[in-house]
Amino acid sequence: MGNNRIKTKRLMVVFLLSWLTVSLAFGTETVPVKPSKKDKCPVCGMFVYKYPDWIAEIVFNDGSVFFFDGAKDFFKFYYNLNKYHPHKTHADIAAKYVTEYYNLKLIKADDAFFVVGSDVYGPMGKELIPFGFEADAEEFMKDHKGKRVLNFKNIKPALID
């Protein structure tokens, strides 16, 4: 009977440690950060707090955050990481966010749909316009003379240049 109690206690400890590990892994999701008045876009040097409707950001695993005054500069930084921050790699990125055009909330850039070539301009002129839903992006594209809708993985450096 003593061996069964020991085995049961060991199993409970293993179960609890496993549960705790999984809980911690899922409970530490990175959340967007609000820029301060001192935060500048590393691509163009503009103060991003002046353009809250266009903010994008990249959060790194070490907690550092880079803010951008629009999705276009966000992508310039992302695709030229070595130029803007030579000590970081894409593997160091914990999260990427862009501001959704209609509800003005930060959404995960990986899940966003971007309208390219519309008649809507951002702080730096021609801009990629982010949406949380493809249907919203398609409707916006029709209403604002956009050229196409692309998801994150289909935005390539040549498009940004």
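For the atom pair Asp69 CG and Lys40 NZ, the distance stands at 12.5 Å (nearest 0.5 Å). The OH atom of Tyr102 sits 8.5 Å away from atom CD of Glu100, with the distance rounded to the nearest 0.5 Å. To the nearest 0.5 Å, atoms CD1 (Ile93) and OG1 (Thr30) are separated by 11.5 Å.
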**OP:** Given side chain to side chain contact (heavy atoms under 4.5 Å, CB included), test Asp39 with Tyr49 step by step and report yes or no.
**Re:** CA-CA 7 Å; Asp39 289 312; Tyr49 83 93; over 6 Å; no

Original post:
Would Met141 and Lys147 count as a side chain to side chain contact (heavy atoms under 4.5 Å, CB included) if you check the C-alpha gap in whole Å, the side-chain angles of each, and the deciding distance to 0.1 Å?
Top reply: CA-CA 7 Å; Met141 181 179 71; Lys147 292 188 172 125; over 6 Å; no

**OP:** Decide yes or no on ring pair (Phe, Tyr, Trp, His ring centres under 6.0 Å) for Phe75 and Phe114, but give the supporting numbers first.
**Re:** CA-CA 12 Å; Phe75 278 107; Phe114 299 86; 5.3 Å; yes

Subject >> Derivation and outcome, side chain to side chain contact (heavy atoms under 4.5 Å, CB included), residues Phe131 and Phe133 >> reply: CA-CA 6 Å; Phe131 294 90; Phe133 298 100; 5.9 Å; no

**OP:** Determine, stepwise, if the pair Phe66 / Glu57 fulfils side chain to side chain contact (heavy atoms under 4.5 Å, CB included).
**Re:** CA-CA 6 Å; Phe66 288 83; Glu57 63 186 64; over 6 Å; no

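When every heavy atom of Gly70 is checked against every heavy atom of Ala56, the shortest pair comes out as O-CB, 4.0 Å. Here the closest non-hydrogen pair linking Phe60 and Leu81 is CZ-CD1, 4.0 Å. In plain terms, the two heavy atoms of Arg148 and Leu159 that are nearest each other are NH2-CD1, 3.3 Å. Shortest non-hydrogen contact noted between Ala137 and Phe113 is CB-CB, 4.0 Å. Closest approach of Gly122 and Glu127 over heavy atoms only: N-CB, 3.9 Å.
The shortest distance between side-chain heavy atoms of Val65 and Ile58 does not fall below 4.5 Å. No side-chain heavy atom of Lys145 sits under 4.5 Å from any side-chain heavy atom of Ser118. Between Thr99 and Trp54 the shortest side-chain heavy-atom distance does not fall below 4.5 Å. Val43 is listed as a side-chain neighbour of Tyr84, based on a closest heavy-atom distance under 4.5 Å. Between Ile107 and Val98, the closest side-chain pair of non-hydrogen atoms falls below 4.5 Å. Within the 4.5 Å cutoff, no side-chain heavy atoms of Phe67 are placed close to those of Cys41. Counting only heavy atoms from C-beta outward, the side chains of Pro35 and Ile55 approach each other to under 4.5 Å. Between Leu128 and Val115 there is no side-chain heavy-atom pair separated by less than 4.5 Å.
Both the sub-6.0 Å distance and the 45° axial angle are not jointly satisfied by Lys108 relative to the ring of Tyr97. Cation-pi check for Lys96 over Phe152 is met; the charged atom lies under 6.0 angstrom from the ring centroid and within 45 degrees of its normal.
No donor-acceptor distance shorter than 3.5 angstrom exists from the side chain of Asn154 to the backbone of Leu150, with no hydrogens or angles considered.
Salt-bridge formation is detected for the pair Asp62/Lys88: a Lys NZ or Arg NE/NH1/NH2 atom is positioned less than 4.0 Å from an Asp or Glu carboxylate oxygen.
Ring pair Phe68/Phe77: centre-to-centre distance below 6.0 Å.
By the 30° and 60° cut-offs, the orientation of the rings of Phe74 relative to Tyr78 is parallel.
Ile160 and Ile129 are members of different hydrophobic clusters when ILVMFWY side chains are connected at heavy-atom separations under 4.5 Å.
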